[in-house]
Structure formats: C-alpha cells, structure tokens
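What follows is a short report on a single structure.
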Amino acid sequence: MNQPAPGARALIGVFALCLGVCLLAGCYTTLRHPMTADLPGDYSYQEKSCYDCHDEAAFYHSNYGVYFDYYNDSPWFGYYSDPWWYGTYWQGCRRRENRGPDFQDSGTRDHWQRGIPSGSPRGGSSTRAPYLRDDYKPAPAKPSQPPKKAEKPKSKESKDERTKGQRGKKK
Amino acid sequence: MRLRTMSALIQKMTLFLVVALVGLAISIRPAQAQVFYEENKEPVEIPLIFDFGVGARAMGMGGAHVAVVEDASAIYYNPAGLAMIRRIEIGLSLTHQDDQLDVTHRGELRRSSVSSTKLHQVALAYPVPTYRGSLVLGFAYHRPVSLDRDYYRVGPTATGPWEYESMTDRGGLSMYSIGAAFDASPHISLGGSLSLLGGSWDTDYYVEWDEGVGGKYWYRDEADIDGVTGSLGMLYKFEPMGRIGLAVDFPRKMTIDGTKFDEDYPDGIATKDEITLPFSFSGGVAFTLSNFVFALDLRFTDWSQIDYEGPVRVEDGERRKFDVYENSTQVRLGAEFLVPNFPIRLRGGYLYDPVPYKLMFTDDHYFGSDIVDDRDFFTVGAGVILEKAFSLDVAFMTGGFKRSAVETTEDLSQNRVFVSAGYRY
C-alpha cells in the first residue's frame with residue numbers, strides 16, 4: 001500500500017483531536033464517576049448505583065425512548081439496550097413481557113461489581129447532590145480494635161452469603 | 001431549551017432539503033450530440049461512484065439508515081449511530097449481485113449478464129463501559145461498490161457495416177474503517193470514522209470492426225485501488241418517537257495503479273490514475289408509530305467536482321463546455337414493521353439514485369445521453385432474532401435504469417440479495 005497521503009494524515013489528526021477534546025473536556029459521557037468527597041458511613045462511589053443520587057439515572061444507559069418505544073415489549077429490547085457490563089443478560093433472564101409484578105431484577109454490573117437499581121423510572125428531571133435517604137441508617141463506627149476471632153464467619157459459604165448481601169442491600 | 005434545539009435542527013434539515021431539491025432542478029444535460037475532449041482526458045464513466053450501501057437491515061429499508069442506524073454498519077451510514085450500541089457486536093454480511101444489460105444498437109439487441117457473490121461486511125463494535133452516556137469503538141470492512149459488469153454490443157455503425165465491442169470489468173472498492181462515537185448530551189451523539197480504501201479493478205476490452213477488411217483492438221488492464229476517506233456524523237434523539245441524523249462523507253481520494261497489456265505492450269506498461277470523488281452530505285429522519293418505523297434520507301453529492309486529472313469536462317460542436325457529471329440527490333425511503341408476539345421484523349423501501357453521468361460511448365465517440373428511466377430500486381427485507389443475541393436479516397432489491405444516445409439504448413436491470421448476521425454478547 002502507498003504511503004498515506006498528506007490529506008490522510010490531516011484527517012487522522014483532526015479525528016484524534018476531536019475525539020480527545022470531547023473526551024477530555026468534560027462532555028456528557030463519563031467513564032468514571034467524578035471524584036468528590038467521600039460519603040458518610042458505608043456508602044462509597046465504588047458501590048453505589050447512579051440512581052441512589054441522580055433522579056434521571058435511568059437514561060444513563062436504559063433509554064427506552066431513544067431505542068424507539070416499539071422495542072419495549074419485544075425480544076429486541078435486550079439486544080439493543082442492555083449494556084454488556086450489566087450482568088444478567090442470559091443468567092436467569094426471563095422474557096420481559098413474561099415478568100410478573102413481583103419480578104426483582106437481581107442484575108449487577110459485572111464489570112465494576114456495582115449494584116443497579118431494581119426499578120427503572122423513566123424520565124426524571126434533574127441531578128441532585130448526593131443526599132441521605134430517609135431510611136438511611138448510618139453504619140456503626142469502625143471498631144478501633146480488630147474483631148475477635150469468634151466474630152469471623154465460620155465457613156466459606158457464610159462468608160459468600162454476606163458478600164452478596166452487602167452488594168445488593170446496603171443496610 | 002430542547003424544543004429550541006430541535007427547532008434549529010429542523011430549520012437546518014429544511015435548508016438542506018431545499019438545497020438538495022434546487023440541486024435536482026438545475027441539472028442540465030447536453031443534447032444527443034457528439035462531444036469533444038482534450039487529448040489524454042477521455043471523459044470515461046467512473047463506476048466507482050455507484051455506491052449501493054451495506055447491511056441487510058438498511059437495504060431492506062431502501063438504504064434509509066442515516067437516522068435509524070443502531071448497529072455496526074453505522075461506520076458506513078452515520079458514525080454517530082455507533083453510540084447506540086450497548087453490547088459487543090460482531091457482524092457479517094454477504095451480497096449476491098445479478099445484473100443484466102440489454103444493449104440495442106441500430107436495431108440489434110445483445111444481452112450480457114453478471115452474477116457474483118461477495119463478502120460484503122465484517123464489523124466489530126465495542127462499547128466502552130461508561131458510568132454515564134456512551135463511548136463506542138468500531139472496526140469494519142465494507143465492500144460498498146461492485147465493479148463487476150459486462151458490456152456487449154454488435155451491429156452496424158455510422159461509418160461501417162459491422163462492429164463488435166465487448167468489455168468485462170471485475171473488482172470492487174473496499175473500505176477498511178475505524179470509527180468512534182460518544183454521547184455529547186442525553187439526546188445528541190457525535191461520531192467519526194476514518195477509512196482506508198482498497199480493492200482491485202481488472203478490465204478486458206475487445207473491439208472488432210468490418211470483419212475481414214477492418215481491424216481489431218484489445219487491451220487488458222489489471223489495477224489496484226488505494227485511497228483514503230472519512231466521515232463525521234451526528235444523531236439527535238427526540239423521545240419517545242424519533243431521531244434525526246446528519247452525516248458528511250469526506251472526499252474519497254484514490255490512486256489506481258495498474259498494468260495495461262495490448263498488442264504494442266504484450267509485457268505490459270504501468271498506468272496510474274488519480275481520482276478524487278467529492279463530498280457527500282446526508283440527512284435523515286426516522287420516527288415510530290405503533291409497531292412501525294418510518295425513515296427518509298437524502299444524500300446530496302455534487303459530482304461535477306470529481307477530480308480526475310482535473311475537472312472532467314467536454315465541449316459540444318459549438319465549443320460550449322459541459323461538466324460530464326452533474327450533481328445528484330439520492331432519496332431513500334423505508335419502513336419497518338415489528339410483528340407483535342413474534343421475533344420478526346418486516347421491511348420495505350425505495351431508493352432513487354439518479355445517474356449523474358451525462359454521456360454515452362457509441363460509434364467510437366462520446367455523445368450526450370438521454371435518461372429514459374432514471375436509476376431506482378424497490379426493496380423488501382425481513383429480520384429475526386434468536387436467543388436474544390443472534391440476529392439474521394435478509395433483503396432483496398431490484399431496479400435499474402435506461403438511457404439512450406444515437407440509435408443505441410442501454411437498459412440495465414440490477415438485482416441484489418443481502419444477508420447479514422449479527423451476534424451481540
């Protein structure tokens with residue numbers, strides 16, 4: 001193949017520049033949550049879901065309208081709109097139209113091991129500053145001494161159960 | 001605020017439509033008279049401009065995909081559509097071409113046909129995990145332009161009793177592309193792609209006249225195509241029912257390096273052509289009603305800006321200059337129906353793609369041509385999804401065009417079948 005023409009090099013430059021500027025200049029798309037002060041208690045940004053702090057978190061990834069409403073009750077819904085880094089695409093999946101009112105989306109974002117909201121409210125109007133929910137109970141202060149041996153889980157099984165519980169529910 | 005933004009977008013779309021329609025209206029063709037050209041600047045028809053489109057879902061909708069696109073073929077139609085992809089996608093497409101050309105020359109009809117099946121698309125899209133918005137990278141191989149064509153003509157000429165002419169082209173233009181797109185706001189996605197062009201173009205030509213007392217000439221040309229292009233796109237999503245897409249395709253700058261063999265050079269002589277195809281501007285709108293998606297695209301290209309060793313121009317008998325190519329506006333219409341309770345989608349579409357080349361070659365000279373039936377196609381298609389992850393789409397398109405000059409008529413009918421498979425995980 002021939003040497004890239006000067007036009008090609010210019011195109012590559014413009015392309016890289018546009019992409020870099022948009023990604024580095026604080027545009028809407030963010031790869032990581034902005035670093036802010038730590039939240040009190042057990043909350044941390046590494047474990048929280050968007051919806052805990054942001055009303056409109058539903059359209060961060062699951063935007064019904066953007067994918068045309070007509071996908072909502074079709075097998076194509078997941079094909080188009082479920083991010084791959086959410087973990088329940090095949091595992092235990094049930095067709096959306098067959099889900100009963102008691103359906104609990106137990107999905108997790110495998111990629112970052114973060115919880116996701118069980119509800120998917122549509123729309124929303126604003127981004128709120130992080131706040132403490134009414135039912136929030138602060139975690140007990142960390143003991144200054146290491147826990148006694150007797151308080152450790154007795155088996156691997158019970159240890160795993162505790163981990164799952166911590167990820168799904170934070171209190 | 002959103003309404004104001006949308007209003008401005010609609011105004012821009014309207015302006016684009018007006019410019020495109022005015023472009024249609026001012027097209028001028030020379031009459032069916034011989035035209036003349038400078039030595040070594042033969043005003044040949046460049047088949048590289050006939051770009052069909054890619055992907056079975058798109059082609060089932062007449063190619064109206066600038067606003068609809070939400071799979072890896074976005075790299076081709078509108079790179080901003082990549083931002084719609086949420087799962088890692090691998091796509092593969094095949095196309096089958098079945099063309100038939102009827103040439104009627106001074107009452108003698110001859111028919112030639114081409115049938116070929118090619119790999120048409122291999123694409124990979126990788127959505128980068130985001131906390132908010134979307135960032136998707138795409139890689140693709142496309143073969144949007146087929147150079148496979150046969151031409152066969154026989155009959156009396158203006159100066160002699162008999163002439164036989166045949167030309168066989170084989171090859172295609174391929175694009176090796178990288179693209180990226182991101183959400184710039186909840187409802188606006190931006191994207192770009194960069195493509196290296198490649199491919200081959202082989203030609204066999206033979207002409208024989210006045211058998212026994214006349215003569216004959218032949219040549220064979222084997223060439224490789226290299227080049228570069230790129231595109232930028234934008235997608236505006238208005239909830240809950242539609243999208244507007246805009247895309248700009250940068251000029252395709254190509255170098256065609258070949259070796260030509262004929263009686264004078266049986267061992268071959270090197271040839272080199274440099275061709276730059278101009279900008280193309282596309283705009284599309286798509287919206288849903290119940291279980292339907294409707295889409296309309298316009299794609300404007302001022303082909304008179306083709307640079308083939310300079311502008312491609314000719315003179316008529318009164319030394320008036322004409323551009324050999326004129327601007328054109330493709331119109332693509334499509335609809336898709338999602339069958340309730342079945343994992344099936346049905347599609348139909350229409351593609352109007354006017355022929356921008358104004359001349360025809362016959363009787364050993366170039367003449368202005370009349371377009372009897374301009375190039376258009378009807379399309380149908382269907383798609384199915386299996387196990388939430390595997391999609392299969394097929395499309396069929398049929399159409400062609402007819403033109404004439406100086407007792408010669410060319411009637412080209414073209415059929416295409418597209419088959420695409422996509423896997424998302």
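Labels below follow one simple rule: chain letters A, B, ... track the order of the sequence lines, proteins then strands, and each chain is numbered from 1.
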Exercise. Which residue, B:Met84, B:Arg424, B:Arg86, forms the side-chain contact (heavy atoms from CB on, under 4.5 Å) with A:Tyr80?
Worked result: B:Arg424
For this session: With a 4.5 angstrom heavy-atom cut-off, could you sort out which part of B:Leu386 is near chain A: side chain, backbone, both or neither?
Result: neither
Seminar exercise, completed: For B:Phe279, the ring pair (Phe, Tyr, Trp, His ring centres under 6.0 Å) test, sequence neighbours excluded, returns B:Phe250, B:Phe281
Exercise. Where the side chain of A:Trp76 meets the backbone of B:Ile385, is there a donor-acceptor pair that is under 3.5 Å apart?
Worked result: no
For this session: Answer with side chain, backbone, both or neither: which region of B:Val384 has an atom nearer than 4.5 Å to a non-hydrogen atom of chain A?
Result: backbone
Seminar exercise, completed: What one should report as the nearest heavy-atom pair of B:Pro129 and A:Trp84 is CG-CZ2, 3.5 Å
For this session: Return the minimal non-hydrogen interatomic distance between A:Tyr79 and B:Ser391, and the atom names on each side.
Result: OH-OG, 2.9 Å
Exercise. Is there a donor-acceptor pair under 3.5 Å between the side chain of A:Thr29 and the backbone N or O of B:Leu135?
Worked result: no
Problem set entry | Set of ring pair (Phe, Tyr, Trp, His ring centres under 6.0 Å) partners for B:Phe390, sequence neighbours left out | none
For this session: Look at B:Ile88, B:Val339, B:Asn291 and state which one has the largest set of heavy-atom pairs under 4.5 Å with chain A.
Result: B:Ile88
